[in-house]
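The next block holds one structure in the form of structure tokens; read it before the comments.
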Amino acid sequence: MSPGVDQVVEEGREAFGALLRELRLARSLTIEGLSEASGISVRGIGDLERDRRAAPQRRTVAALANGLALGEPERERLLAAARTGRGTSYRPVGVSSFPRGVDDFTGRERELAVLTGLAREVGAGPAVVAVSGAPGAGKTTLALHAARRVAGEFPDGQLMVDLRGTHDSPPGPAELIITVLKALGTPDRELSKAGPQGHAALYRQVIADRRMLLVLDNVADETQVRQLLPGAGATLTVVTSRRMLTGLEGVHRLWLGQLDPEDAESLLASIVGTGRTAAEPAALAEVAERCGYLPLALRIAGNLLVTRTGWTVRRLAQRLAEEDRRLGVLSAGDVRVEAAFDLSYRQLTPDAARMFRLLTLVPGPDVGPASAARLTGQDPFDAEDTLEDLVEAGLLGARGSGYRLHDLLHLYARARLGEDEPADAVERSRGELYRWLLDTAVVAGRWYDPDYGAPSDGRQGTVDLSSAERAREWLQAEGVNWLTALRAASVEGRHADVVEVAEALHWFSDQWIFWGHWGEVFGRAVSSAEALGDPLAEATQLNYLAWAVLLCEARPRESLAVSARAREVAVRAGDLVQQAWSHQYSGWAHRLLDEIGEAFRHVDEATALFTRADEVHGLLQALLHRVLLFERAGQAEKALDACWETLGVVEENLGRLAPHIAAFTMIGVQASMGTALDGLGRWSESAERFGMALALAQETGNTALQSRQLVKLGDALRAAGRVDEARDCFERCVRLGQDADPQRVRTARERLAQLDSAG
């Protein structure tokens, strides 16, 4: 089958294909019957009737006339139509072959603006736009919609050719060149004169003489389309493909991902009707989300609601809620999301297909090359190449240094995993990935542990953990993944592994306070330590859990029970340090509960125990805590004195302190000095100290600490009458993002509102 191209011929002349069909039907002949009577193939007659090939030469017309048993007038009429169809020059009259687009096209305004702009700029030379994206992203629909917008810019015609790139045997460049030439009215004698070797040159010549729009749809690869790209003239060529076609040079590129949620809901509403969808906005949003905001899935969902008039939007949302059945639900007649994915999956290499399946074992939404390598057993460089093959095929999205499967593609890949991958191989891959995630989390977390720091020179890792900052980036980026691996280890009874991971990460937890999962991490470690019968490990993990409940979860009263239990177990273990930490966390909770007397009692006990144990890191925390208690008690002068005392301990022990612990302490001291000076009405000095604390917090990369200092600095500047500088601090706090202290962000918003209302 040749690529499909329809033409509209000059008004007033009879179209050969339409006339041939009329004469055949008048004699009650099927195409097969006419083929038998004339000796012309069934395919040839069908292509002629659909105008998929140029009008035939005289001998072919004569054979058809004989087969139809035409009289002389009708024979001459058919010959005249053939002569008109063959034409006398290359120039077509109003060539147009675009199928009907969709009237409810929604979104893609940025992409349409790019295409419209290029259409208006074409003139000095040809332009090529490669539109790529995942199956079902709406590449062809976009091309059709854009073509309708810009048709007036191309008076020499608009032509669309389906290159059938997802078929098992797509047409090659030579066949496609002839298809376009015939669609443009190139006479057969010119094709014969040029010969097969000259068709490409003839093609370039014909295209160069026109200002036209050429859409090459559903391209298989660069080789198939490269010779069809004009080198001269004023043609805008839009190439659509599931592949990114990275081998093409000098082209504009548009990648189509999922629609924005608002556009996705608007598309559904335009298909179904606002009368039905307006009554169920929440259900409409759920349907859009469960379609992954993918245009093809959204259209199927919309058509289901249109044809199933008894369904509510909520009913469809409920049917789509079951992940294992979702792809099956997204089917309307012969249009199925799963079928669209199948076409791309079948064209993958064995390595890429296996990678695609195994990526569903990654718990989080994103995966890096190192994790992918663990899944497949490939070298990391080979794994990255395979990932890029999936990106090129439109089945995987690239996100910074990582990759992400679209939600519906994830479901499809998971189904393929169950059908195409042996169960024992799946479990081996999962186990290898989880073990690697936990091992890497331990190494990364120990960067922040004063007893470890940088990994040993002999460690051969597959991710870059060459600095504390890179370790933090990995731990945060892979948080969902290593947490899932930790859960699996806990369920499987690998208690030593669970405790090791939690122990390695407890210093790092200060860098990511508001992650939301530290309570679970340390809670699982408590259970594992208890199962191991190790009271010291149990007391240690209980203290970490008390910290998480107290600070991360903001539940000071509940944390008191945890720290008391930690103290009991630490006494049983005979460990002074963990006893001290339990007092520290108890004092902290009492301070937040405004029970200052109890807070002082516990902090004094912690200070004494840390001193006896010669634990300088804990001692500094206890000293800082005393500063905060003096502040809470309104004793600013005593708070300042306690700050200087703490600074003295830092200076005496610099050689023993881990750099980030020293930095954390200095931030606390400078901030406390700022608070004390603020209490004394010395606002300019206070702002100076908060500024120093902020600068130190920025050096550590700790977003939560930065948000706290920005609010404090803003308040001090506002009190000092420096309102514009204060506003800048509050605005910077709001912009910090999800790792900021949420309470400080709320406070910053309140301060900005107060400044606005004050004029």
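If you're wondering where the values come from, they're calculated on a predicted model, not measured in any experiment. Side chains are part of it too, since the values below use all heavy atoms of this structure and drop only hydrogens, waters and symmetry mates.
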Task: Side-chain H-bond candidate by donor/acceptor type, Glu338 with Ser331, under 3.5 Å - done: no
- [ ] Flag the pair Leu316 / Val329 as yes when at least one side-chain heavy-atom distance between them is below 4.5 Å, and no otherwise.
- [x] yes
- [ ] Determine yes or no for a side-chain-to-main-chain donor-acceptor pair under 3.5 angstrom, with His199 supplying the side chain and Ala194 the backbone.
- [x] no
TODO: State, with a plain yes or no, whether a side-chain heavy atom of Ile31 is found less than 4.5 Å away from one of Glu49.
DONE: yes
Open item on the list: If you compare all heavy atoms of Leu216 against all heavy atoms of Val219, which two are closest, and at what distance to 0.1 Å?
Closed with: O-CG2, 3.5 Å
Open item on the list: If we check side-chain contact (heavy atoms from CB on, under 4.5 Å) with Leu214, which of these qualifies: Leu236, Leu159, Val128?
Closed with: Leu159
- [ ] Would you check if Ser371 and Leu375 make a side-chain contact, meaning some heavy-atom pair closer than 4.5 Å?
- [x] no
Open item on the list: With a 4.5 Å cut-off on side-chain heavy atoms, are Pro135 and Leu395 touching?
Closed with: yes
TODO: State, to 0.1 Å, how close Ala373 and Pro380 come at their nearest heavy-atom pair, and which atoms those are.
DONE: CB-CA, 3.9 Å
- [ ] Would you indicate whether the side-chain heavy atoms of Thr376 and Thr386 approach each other to under 4.5 Å?
- [x] no
- [ ] Using a strict 4.0 Å threshold on nitrogen-to-oxygen distance, state whether Arg404 and Asp366 make a salt bridge.
- [x] yes
- [ ] Give the minimum heavy-atom separation between Leu267 and Ser270, together with the two atoms involved.
- [x] O-OG, 2.7 Å
- [ ] Would you please classify the geometry between the Tyr412 ring and the Phe356 ring as parallel, tilted or perpendicular, with 30° and 60° separating the classes?
- [x] tilted
Task: Polar contact flag, side-chain donor to acceptor under 3.5 angstrom, Asp217-Thr240 - done: yes
Open item on the list: What I'd like to find out is whether the side chain of Tyr403 reaches to under 4.5 Å of the side chain of Leu390, using heavy atoms alone.
Closed with: no
Task: Which atom of Val306 lies closest to which atom of Val272, heavy atoms considered - done: CG2-CA, 3.9 Å
- [ ] Measure across Thr223 and Pro173 and return the closest heavy-atom pair with its distance rounded to 0.1 Å.
- [x] O-CG, 3.4 Å
Task: Note: Asp407-Arg290 ion pair, threshold 4.0 Å (strictly below) - done: no
Open item on the list: Main chain of Leu228, side chain of Tyr203: is a donor-acceptor contact present, judged purely on distance under 3.5 Å?
Closed with: yes
Task: Side-chain H-bond candidate by donor/acceptor type, Asn66 with Arg75, under 3.5 Å - done: yes
Open item on the list: Looking at Glu76, I'd like to know if its CD atom is crowded, meaning that more than 12 non-hydrogen atoms belonging to other residues, nucleotides or ligands lie closer than 6.0 Å.
Closed with: yes
TODO: Check each of Met160, Lys139, Arg149 against Leu144 using the side-chain contact (heavy atoms from CB on, under 4.5 Å) test, and report the only one that passes.
DONE: Met160
Task: Crowding at CZ, Arg325 (>12 non-hydrogen neighbours, <6.0 Å) - done: no
Task: Check: Ala393 main-chain N/O paired with Arg242 side-chain donor or acceptor under 3.5 Å - done: no
TODO: Compare all side-chain heavy atoms of Glu384 with those of Gln378 and state whether any distance is below 4.5 angstrom.
DONE: no
Task: Minimal non-hydrogen separation, Leu343 against Arg346, with atom names - done: CD2-NH2, 3.4 Å
TODO: Would you check if Glu153 and Val122 make a side-chain contact, meaning some heavy-atom pair closer than 4.5 Å?
DONE: no
- [ ] Step through the shown structure and confirm whether more than 12 heavy atoms of other residues, nucleotides or ligands are within 6.0 Å of CD on Glu419.
- [x] yes
Task: Val129, Leu248, Val131 screened by side-chain contact (heavy atoms from CB on, under 4.5 Å) with Arg253, the one that passes - done: Leu248
TODO: Determine, step by step, whether Arg414 and Asp324 satisfy the salt bridge (charged side-chain N to carboxylate O under 4.0 Å, His left out) criterion, reporting the C-alpha distance in whole Å, the side-chain angles of both residues, the deciding distance to 0.1 Å, and the verdict.
DONE: CA-CA 9 Å; Arg414 191 170 71 187; Asp324 291 341; 3.1 Å; yes
Task: Residue Glu32 excluded, over 12 heavy atoms near CD under 6.0 Å - done: yes
